[in-house]
Amino acid sequence: MATIADVARAAGVSPSTVSYVLSGKRTISEGTRLRVERSIRELGYHPNAGARALASSRTSVLALVAPLRKDLNVPVVMQFVGGALERARAHRHDLLLLTEDEGADGLRRVASSALADAIIVMDVEASEPRVPVLRALPLPSVLIGVPDDASGLTCVDLDFGAAGALCVERLADLGHREVALIGPAPSVYERGTSYAKRFLAGFTGAARVRGVRATALRCPPNYDGVRECLDATPDSATALVVHNEAVLGAVLAELARRGRQVPGDVSVLAVCPRDMAETQVVPISSVDLPGAELGALAVDLALGASRSGVRLVEPVLTERATTARVRG
DNA sequence: ATACCGATCTTTTGCCTTGA
DNA sequence: TCAAGGCAAAAGATCGGTAT
């Protein structure tokens, strides 16, 4: 493997000059720069990442803590990861994916062993136990999700509260007087996951304001769970809001099996990634969950000299084939 | 056998020298 | 005086060598 010394020898300069050509941190004459760049090409030189981290105290690696829990929809989590990965590469960084739920110890491990330059944390809880550790961390951190006490933290997320309200308001505008929420799995609520709580609060708050009767259900990620939820949904409900990507297809299938027409008998509005809404049996009306966009934004914030604060992305609702005005 | 020292790996960067 | 580029120290872990 060629080292910077090999390149320097081949180009007839010192290693420091090669380093400065690579970093662009000071002016190098055109002739010298071209000679160095040619030597780099000819020798197939790539800087040794370990030595570079040792000398610069920077790793060019971002840690992304994204526990892959059974009650989360992995393809949706991967949209966040994909967005973050692409943006990290654009910043000439790599991503270290930590999928094990290590809690605060994992954050300390990454920070104290200098594994990464910054940490992005997903799956944030409302009373998030990692918050004190994140505040005291000697490296930048960004949360995808918003804990109750976000002071001093940098957070980014879809405005789930506004999303919940938006769903109810649009359905109310279409004349629906009774709606049901097919929400995330019970364990997601029990964990106090922040997006689930905020969506539910927005949903019930808007229902109260608009005089819409609302039932909120928690749906385990399996077909039995879907059946139980639909059994528990009042017959008088004319619309379902599905905030649970994993069961979206099953909800449509079970409604069809029960002979309920969508949207003739019941409207269905989902919160899910756009591509997921567009590739169901029928195109689903949905509030877009912009996972890739949020992942990319988190990377920008982690690598930028951003001040702390909460950035919420405004929800966008697109009506497709599953919502309609109430008959009569 | 144990304890400790210092060289080594590769790269970055502040300071210094050279030459016009 | 300034641009261009070299020198040398420093980073942290590891390993060989020397002293006790």
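Naming convention: chains lettered A, B, ... in sequence-line order (proteins, then strands); numbering from 1 in each chain. No hydrogens, no waters, no symmetry mates; every other heavy atom, side chains included, goes into these values.
- Under the side chain to side chain donor-acceptor pair (under 3.5 Å) criterion, the residue pairs touching residues 57-68 of chain A are A:Thr59-A:Asp117, with sequence neighbours excluded.
- If you take CD1 of A:Ile4 and C1' of C:dC7, they are 14 Å apart, rounded to a whole angstrom.
- Residue pairs satisfying the salt bridge (charged side-chain N to carboxylate O under 4.0 Å, His left out) criterion with at least one member in residues 133-146 of chain A, sequence neighbours excluded, are listed as follows: A:Arg135-A:Asp149.
- Of the residues in residues 14-24 of chain A, those lying under 4.0 Å from DNA chain C by heavy-atom distance are A:Ser14, A:Ser16, A:Thr17.
- With A:Arg325 contributing its side chain and A:Asp173 its backbone, the two residues share a donor-acceptor pair below 3.5 Å.
- Using a 4.0 Å cut-off on heavy atoms, the residues of residues 31-61 of chain A that approach DNA chain C are A:Thr32, A:Leu54, A:Ala55, listed by number.
- In the displayed structure, A:Asp235 atom CG is contacted under 6.0 Å by at most 12 heavy atoms of other residues, nucleotides or ligands.
- From the 5' end on, the contacts that DNA chain B makes with chain A at under 4.0 Å to a non-hydrogen atom open and close at B:dT10 to B:dC15.
- Around the CD atom of A:Glu86, the shell of radius 6.0 Å holds no more than 12 heavy atoms that belong to other residues, nucleotides or ligands.
- Note on A:Glu254 versus A:Arg258: salt bridge recorded, some NZ/NE/NH1/NH2 to OD/OE distance being below 4.0 Å.
- Judged by distance alone, the side chain of A:Arg311 and the main-chain N or O of A:Val156 form no donor-acceptor pair under 3.5 Å.
- A donor-acceptor pair under 3.5 Å is formed between the side chain of A:Thr233 and the backbone N or O of A:Cys229.
- Within the structure, ring pair (Phe, Tyr, Trp, His ring centres under 6.0 Å) contacts touching residues 135-186 of chain A (residues at least two apart or in different chains) are A:Phe160-A:Tyr195, A:Phe160-A:His243.
- Comment: A:Arg89 engages A:Asp94 in a salt bridge, judged by a side-chain N to carboxylate O separation of less than 4.0 angstrom.
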